[in-house]
Amino acid sequence: MTDDQYTPKHHIQKDGTELFEIDCSKIKLDVLLDRKQMLAASAFGLGALLLAACGGSSGGGATTASDTSGGGATSSDTSGGGATSSAGVGEGQTIAASFNGFNVYVQQEATGILKALAGTNYKFIGAQANFDAKIEISNIENLIVQQPDALLILPNVAAGANAGARKATAAGIATINLLWPEATGSSPDYIAVTRVDGVAGGKMMADYLGKDEGLKGQILVVTGVPGQGFSEEILKGLQEGLKSYPDLTIADVQPGFFQAGPAQEVLQQMLTATPDAVAVADFAAEMGVGIAQYLKQRDITNLKHITSDGNSQMIPWLKEGKYLTACRYYSSADQGQVGGMIARNYLETGAKPAEFITLTEQLLSLPSTIDADVAKLPLIYPEYMDQVKQIA
């Protein structure tokens, strides 16, 4: 936790948008180097210099040596050489983030970024777009004006985010995409990207419904923001996966915009049109919680319901297993921490990851496995939520 007297700086731009600046040196370094930081760092190859966000190692398969004194960030050579103190890491530098909105998923992702920066002297500024394409573009432009050294983008609409990234790169800002929708390739607009494989996730959903549950009938699908690329990829995987289960088909697809209320509204419309549906699949836990609430309020227990990613409100619904029966689970905090470490490594060593795309791990979580899955891939780093909430 930060010093109780510390308050992030609040900046209001000319167009009325708000930016919050967080001094990472005020964040207590109380968590040691863990699996997610290793994932980000290992992408740079064995010969690269690792800059740990925290002093120490959790012992989870780590191959680096690092200072366990807790006195700021450390750098260590993966060849086994001794750690070198770097307590002044990030001095005078800023890492910025443009978020597509500010739902629970985004807040969790932001805690991961701040965890990656803990113990350093980087400043962090963030802005969120309320899932509005025009605001997203304006936010990125305002962040570029602040002249950060690195910019992390969680896209709302891919076209707008990529256009903003192009401007940031032209301004000499190291830019990273936190939700890359393509399986391969690269882009001159980003130094690197993180990705959760949506096609594989969609196929995972299809296998759960068609193979594990043996369903036959029609499925209702609630996607996120049209045009983002994220939902389209999951839908593609779901459609491809369902080819193995010809008796299970998609009746309707509607966007829920990653929010509980809109997801409930479109589900009601789809259930009215297809009252005999056997399952509902949604593409974000925020929507999944709203859908579970809707099903409980109307005592609808005959639908299998699978959601995606995860948040703390989702966990009890899934453990009950009545209105939410499965989750294609991955951690947005994991993505944020990996993205933050990519930015750090680039700024501190000039090194890009060995591969342009760094994949995020995903699992099929069931009522019986969700606790173990969250223990493996933490949902959130709550010690940073006080700072994250200032972004709103």
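No experiment lies behind these values; they were computed from the predicted model shown.
Each ring pair (Phe, Tyr, Trp, His ring centres under 6.0 Å) pair with one or both residues in residues 267-296, not counting sequence neighbours, would appear here, but there are none. Among residue pairs with one or both ends in residues 292-317, those qualifying as salt bridge (charged side-chain N to carboxylate O under 4.0 Å, His left out) are E213-K304; sequence neighbours excluded. Sorted by first and then second residue, the ring pair (Phe, Tyr, Trp, His ring centres under 6.0 Å) pairs involving residues 177-211 (not counting sequence neighbours) are W180-Y190, W180-F356.
When the side chain to side chain donor-acceptor pair (under 3.5 Å) test is applied to T369, the partners found at least two apart in sequence or on another chain are D373. With sequence neighbours left out, K319 forms a salt bridge (Lys or Arg N to Asp or Glu O under 4.0 Å) with D371. Partners of Q313 by side chain to side chain contact (heavy atoms under 4.5 Å, CB included), not counting sequence neighbours, listed by chain and number: V104, V289, N311. Residues forming a salt bridge (Lys or Arg N to Asp or Glu O under 4.0 Å) with K236 (at least two apart in sequence, or on another chain): none. With sequence neighbours excluded, no residue satisfies side chain to side chain contact (heavy atoms under 4.5 Å, CB included) with A273. By the salt bridge (Lys or Arg N to Asp or Glu O under 4.0 Å) test, D197 pairs with R195, sequence neighbours left out. Taking the salt bridge (Lys or Arg N to Asp or Glu O under 4.0 Å) definition, one finds that E182 meets it with nothing, sequence neighbours left out. Judged as a side chain to side chain contact (heavy atoms under 4.5 Å, CB included), and not counting sequence neighbours, the contacts of T111 are A333, I380, Y381, Y384, M385, V388. Applying the side chain to side chain contact (heavy atoms under 4.5 Å, CB included) rule to E232 yields no partners; only residues at least two apart in sequence or on another chain are considered.
Hydrophobic clustering of Ile, Leu, Val, Met, Phe, Trp and Tyr side chains at less than 4.5 Å, counting indirect connections, unites L179 with I391. Residues V278 and M205 share a hydrophobic cluster, clusters being chains of Ile/Leu/Val/Met/Phe/Trp/Tyr side chains in contact below 4.5 Å.
With contacts defined as side-chain heavy-atom distances shorter than 4.5 Å, the pair I315/I370 qualifies. Looking at I95 and L347, their side chains come closer than 4.5 Å, going by heavy atoms from C-beta outward. No side-chain heavy atom of E383 sits less than 4.5 Å from a side-chain heavy atom of L114. Using a 4.5 Å heavy-atom cutoff, the side chains of D212 and D207 are not in contact. Taking the side chain as every heavy atom from C-beta outward, P378 and V374 never approach each other to under 4.5 Å. The closest side-chain heavy-atom distance from V221 to L238 is below 4.5 Å. The shortest distance between side-chain heavy atoms of L215 and L209 falls below 4.5 Å. Using a 4.5 Å heavy-atom cutoff, the side chains of L235 and Q239 are in contact.
Of the inter-residue distances, the one linking I113 atom CD1 with Q335 atom CD reads 10.0 Å to the nearest 0.5 angstrom. Note that OG1 of T349 is 10.5 Å distant from CZ of R344, once rounded to the nearest 0.5 Å. Atom OG1 of T325 sits about 8.0 Å away from atom CG of L318, to the nearest 0.5 Å. For the atom pair CE (M314) and CG (L379), the distance works out to 6.5 Å, reported to the nearest 0.5 Å. For the atom pair CG (N100) and CG (L154), the distance works out to 4.0 Å, reported to the nearest 0.5 Å. Taking CD of Q107 as the reference point, atom OG of S312 lies at 9.5 Å (rounded to 0.5 Å).
In this structure, a donor-acceptor pair under 3.5 Å is present between the side chains of T307 and D282. For the residue pair Y122/D149, the side-chain donor-acceptor check at 3.5 Å is not satisfied. When only modelled atom types and interatomic distance are considered, Q128 and N130 share a side-chain donor-acceptor pair under 3.5 Å. With hydrogens and angles left out, the side-chain atoms of Q218 and T249 include no donor and acceptor closer than 3.5 Å. A donor-acceptor contact closer than 3.5 angstrom is absent between the side chains of Q93 and K123.
Contact detail for S365 and Y329: the closest heavy-atom pair is OG-CB, 3.2 Å. G160 approaches I140 most closely through the heavy-atom pair O-CD1, 4.5 Å. Between I357 and G185, the shortest heavy-atom contact is CD1-O, 4.3 Å. Between A263 and V266, the shortest heavy-atom contact is O-CG2, 3.3 Å. Taking every heavy atom of both residues into account, L271 and L220 meet most closely at CD2-CD1, 3.6 Å. In terms of heavy atoms, F257 sits closest to P226 at CE2-CD, 3.7 Å.
Few gaps surround CD on E320; more than 12 heavy atoms of other groups in view lie less than 6.0 Å from it.
The existence of a salt bridge linking E361 and K376 is confirmed by a sub-4.0 Å separation between a basic side-chain nitrogen and an acidic carboxylate oxygen.
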